[in-house]
Chemist: 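Okay, here's the structure, questions in a sec.
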Amino acid sequence: MKQIPEHVYRDSLYEKLFNDEDARACRDIDEAACREVPHNFRRLLTGHAASKLADALASPKTVLTWLLTGIGAPAALVAWLVPIREAGSMLPQLWIGGWVRRLPLRKQVWALGSVAQGLALFGMAVTALWMDGLGGGLAVLGWLALFSLARAFCSVAAKDVMGKTMAKQRRGRVTGISSSVAGGIALGAGVLLAGLSGADDRTMTVSLVALAGAVWMVAAAAFARIEETPGETDGGINGIAAALKSLRLIVDDPPFRHFVISRALLLVSALAAPYYLVLARETDTGGTLLAGLGSFVIAAGLADLLSSPFWGRFADISARRTMQWAGGFASLLTLAVVSVAVGAPDLADQPGWYPLVFFLLSVAHAGVRLGRKTYLVDLGRGNRRTAYVSVSNTVIGALLLLSGLLGLLTVWIGTTGLLLVLAGLGLAGVAMAQRLPETQHDA
């Protein structure tokens, strides 16, 4: 088995964090990449932490929603924030993947995509300063669409670069530790927001979005410094033909098909979050500080800070079980939230209730996200990994767009009824994930 050279391994951050008997062993990567693992670990950690912090500072579920409402955009536009942000970054990946596979080095795609995301956020901030109402809202959504397109390039390249530069049973902890660091900083930002609750909301949210853009530039610099060895390429491949060929993986590759179905059903942890906020507004907690933007930013940041290292280590042991445990927790929590909203409204009316359950849901979502990312990286090798990422994200992106139609159900079954539907789908996803093979101990 390949090993990290002694002189590289010693006195490194990697050694301090992985002080175990086989920390120097490299599995599933080549000899040249093995020598660079400690250095790349630090760069990946920095880049991931910066990107996750930027995501927290410009979250569509909280900050961007406050931004649109602050400039007087119609409520109908707010409903498009999450679909554009998520589906817009996933749908193009089937075609982008064919192009990325032609490149022997893919870190440049990751770095340039990060720069583009930062520039798009700067555009949002400037727009929010100078435009109002429908025009301002549409302009912000336009910048968000560009942001999502740049994110699509990053997503395809990122998992492949991670798979080429970091050994198995280390990848989950890269993401887990970086999420924890970012969560801690985001927690501080939430506390600051709470302390500035009397300040102008528009100035506050614009500043957060601009800061997120600057943090993306830091991430780009870290990703550009990764030492990546040339990998497998598909020279001259036709993007559309590659996309159609890749879609065959859903039919021809049972483990991958089961993963995509499981991931789709486990979207409960992402889709339920906005409806927790809707319930919070419906109960009207009196406009207290705990019901404001700062409380939910604090909840999300605290969740990443406390839970991500655990989920990352768990994912390195079994990414499949990580998805199951976290998805099951999200589903059962959602059932509990509905039960309280319907059966114990006095408890639901307490100012701290919805920030608390939002925190718990964020803990679960961190686990689902870390589990499925680690599982997908470990499941594929070489160009198949890139195909897995692009096909999976494209399919999930399409489903996310369709999920917007679920909101129509609230007309007949209300917010609590929709949450029950999502919880049921999540439990089905937990059962489906049981069919997935373990990947952590493959050679």
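Sequence positions, counted from 1, serve as the residue numbers for this chain. Please read these numbers as outputs of a predicted model, since none were measured by experiment.
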Chemist: How many angstroms lie between atom CZ of Phe256 and atom OH of Tyr375, to the nearest 0.5 angstrom?
Modeler: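 It is 11.0 Å, given to the nearest 0.5 Å.
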Chemist: If we ignore hydrogens and angles and just use 3.5 Å, is the side chain of Ser155 paired with the main-chain N or O of Ala152 as donor and acceptor?
Modeler: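 No, the answer is negative, given that no donor and acceptor are paired below the 3.5 Å cut-off.
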Chemist: Nearest heavy-atom pair of Ala433 and Gln324: which atoms, and what distance?
Modeler: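 Here Ala433 and Gln324 meet closest at CB-CG, 3.5 Å.
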Chemist: By side chain to side chain donor-acceptor pair (under 3.5 Å), which residues pair with Arg263, not counting sequence neighbours?
Modeler: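 Listed in chain order: Ser392, Asn393.
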Chemist: State, with a plain yes or no, whether a side-chain heavy atom of Val109 is found less than 4.5 Å away from one of Cys154.
Modeler: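 Answer no - side chains too far apart.
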Chemist: Using the rule side chain to side chain contact (heavy atoms under 4.5 Å, CB included), only one of Leu271, Leu335, Val338, Val268 pairs with Leu419; which is it?
Modeler: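 Testing each of Leu271, Leu335, Val338, Val268 against Leu419, the sole residue satisfying side chain to side chain contact (heavy atoms under 4.5 Å, CB included) is Val338.
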Chemist: Where do Leu306 and Val363 land on the side chain to side chain contact (heavy atoms under 4.5 Å, CB included) test, with the steps shown first?
Modeler: CA-CA 8 Å; Leu306 297 180; Val363 168; over 6 Å; no
Chemist: Would Leu361 and Val357 count as a side chain to side chain contact (heavy atoms under 4.5 Å, CB included) here? Give the steps.
Modeler: CA-CA 6 Å; Leu361 183 67; Val357 294; over 6 Å; no
Chemist: Please assess Val115 against Met217 for the test side chain to side chain contact (heavy atoms under 4.5 Å, CB included), listing each intermediate value before the final yes or no.
Modeler: CA-CA 6 Å; Val115 170; Met217 300 303 174; 4.1 Å; yes
Chemist: Compare all side-chain heavy atoms of Val140 with those of Leu68 and state whether any distance is below 4.5 angstrom.
Modeler: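 Contact flag for Val140/Leu68 side chains = yes.
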Chemist: Please report the closest heavy-atom contact between Arg372 and Met323, naming both atoms and the distance.
Modeler: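 Taking Arg372 first and Met323 second, the nearest heavy atoms are N-CG, 3.5 Å.
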Chemist: Do any pairs count as a salt bridge (Lys or Arg N to Asp or Glu O under 4.0 Å) and have a residue in residues 123-132, sequence neighbours left out, and if so which ones?
Modeler: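 Sorted pair list: Asp132-Arg202.
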Chemist: Between CH2 of Trp143 and OG1 of Thr127, what distance do you get to the nearest 0.5 Å?
Modeler: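 It comes to 6.5 Å.
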Chemist: Once salt bridge (Lys or Arg N to Asp or Glu O under 4.0 Å) is applied, do any residues pair with Asp55, and if so which ones, sequence neighbours excluded?
Modeler: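 Asp55 satisfies salt bridge (Lys or Arg N to Asp or Glu O under 4.0 Å) with Arg85, Arg151 only.
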Chemist: Please report the shortest heavy-atom distance between Val206 and Ala128, naming the atom on each side.
Modeler: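 Closest approach of Val206 to Ala128, heavy atoms only: CG2-CB, 3.6 Å.
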Chemist: Looking only at non-hydrogen atoms, find the nearest pair between Ala212 and Leu57 and report the distance.
Modeler: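 For Ala212 versus Leu57, the nearest heavy atoms are CB-CB, 3.8 Å.
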Chemist: Would the distance check show the side chain of Lys107 and the main-chain N or O of Phe223 forming a donor-acceptor pair, the cut-off being under 3.5 Å?
Modeler: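 It does not hold such a pair.
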Chemist: In Å and rounded to the nearest 0.5 Å, what is the CG to CH2 distance from Leu53 to Trp216?
Modeler: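 Reported to 0.5 Å precision, the distance equals 10.5 Å.
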Chemist: Which residue pairs pass the side-chain hydrogen bond (donor to acceptor under 3.5 Å, both in side chains) test with at least one member in residues 331-341, sequence neighbours excluded?
Modeler: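 Only Tyr276-Thr334 qualify under side-chain hydrogen bond (donor to acceptor under 3.5 Å, both in side chains).
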Chemist: Does atom CZ of Arg435 have more than 12 heavy-atom neighbours from other groups under 6.0 Å away?
Modeler: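 Atom CZ in Arg435 is not crowded, with 12 or fewer foreign heavy atoms closer than 6.0 Å.
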Chemist: Measure the spacing between CZ of Arg369 and CH2 of Trp311 and express it to the nearest 0.5 Å.
Modeler: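 That separation rounds to 11.5 Å.
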Chemist: Using side chain to side chain contact (heavy atoms under 4.5 Å, CB included), reason through Ser89 and Leu149 one step at a time and then give a plain yes or no.
Modeler: CA-CA 5 Å; Ser89 66; Leu149 179 60; over 6 Å; no
Chemist: Identify, with sequence neighbours excluded, every residue that meets side chain to side chain donor-acceptor pair (under 3.5 Å) alongside Trp325.
Modeler: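 Listed in chain order: nothing, the list is empty.
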Chemist: What I'd like to find out is whether the side chain of Trp353 reaches to under 4.5 Å of the side chain of Val340, using heavy atoms alone.
Modeler: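 SC-SC contact between Trp353 and Val340 confirmed.
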Chemist: Identify the two heavy atoms, one from Ala341 and one from Thr416, that lie closest to each other, and give their separation to 0.1 Å.
Modeler: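 Result for this residue pair: CB-CG2, 4.1 Å.
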Chemist: Does Asp253 reach the side chain of Pro255, with side-chain heavy atoms less than 4.5 Å apart?
Modeler: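 Yes, close enough: below the 4.5 Å cut-off.
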Chemist: With rounding to the nearest 0.5 Å, note down the distance linking CG in Leu425 to CG in Leu265.
Modeler: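 The CG atom of Leu425 sits 6.0 Å away from the CG atom of Leu265.
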Chemist: Of all residues at least two apart in sequence or in a different chain, which pass the side chain to side chain contact (heavy atoms under 4.5 Å, CB included) check with Gln108?
Modeler: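 Side chain to side chain contact (heavy atoms under 4.5 Å, CB included) list for Gln108, sorted by chain: Leu105.
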Chemist: Under a 3.5 Å distance rule, please check whether Thr205 uses its side chain to pair with a backbone N or O of Leu67 as donor and acceptor.
Modeler: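 Not at all, since once roles are kept as given, no pair shorter than 3.5 Å links the two residues.
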Chemist: Please report the interatomic distance OG(Ser51) to CH2(Trp110), rounded to the nearest 0.5 Å.
Modeler: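 Here the rounded value is 7.5 Å.
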Chemist: How about Ile71 and Trp130: do any of their side-chain heavy atoms sit closer than 4.5 Å?
Modeler: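 When only atoms from C-beta onward are counted, Trp130 and Ile71 do not touch, as no gap falls below 4.5 Å.
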Chemist: Of the non-hydrogen atoms in Leu64 and Met124, which two are nearest, and what is the gap between them?
Modeler: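 Heavy atoms only, the tightest pair is CD2-SD, 4.1 Å.
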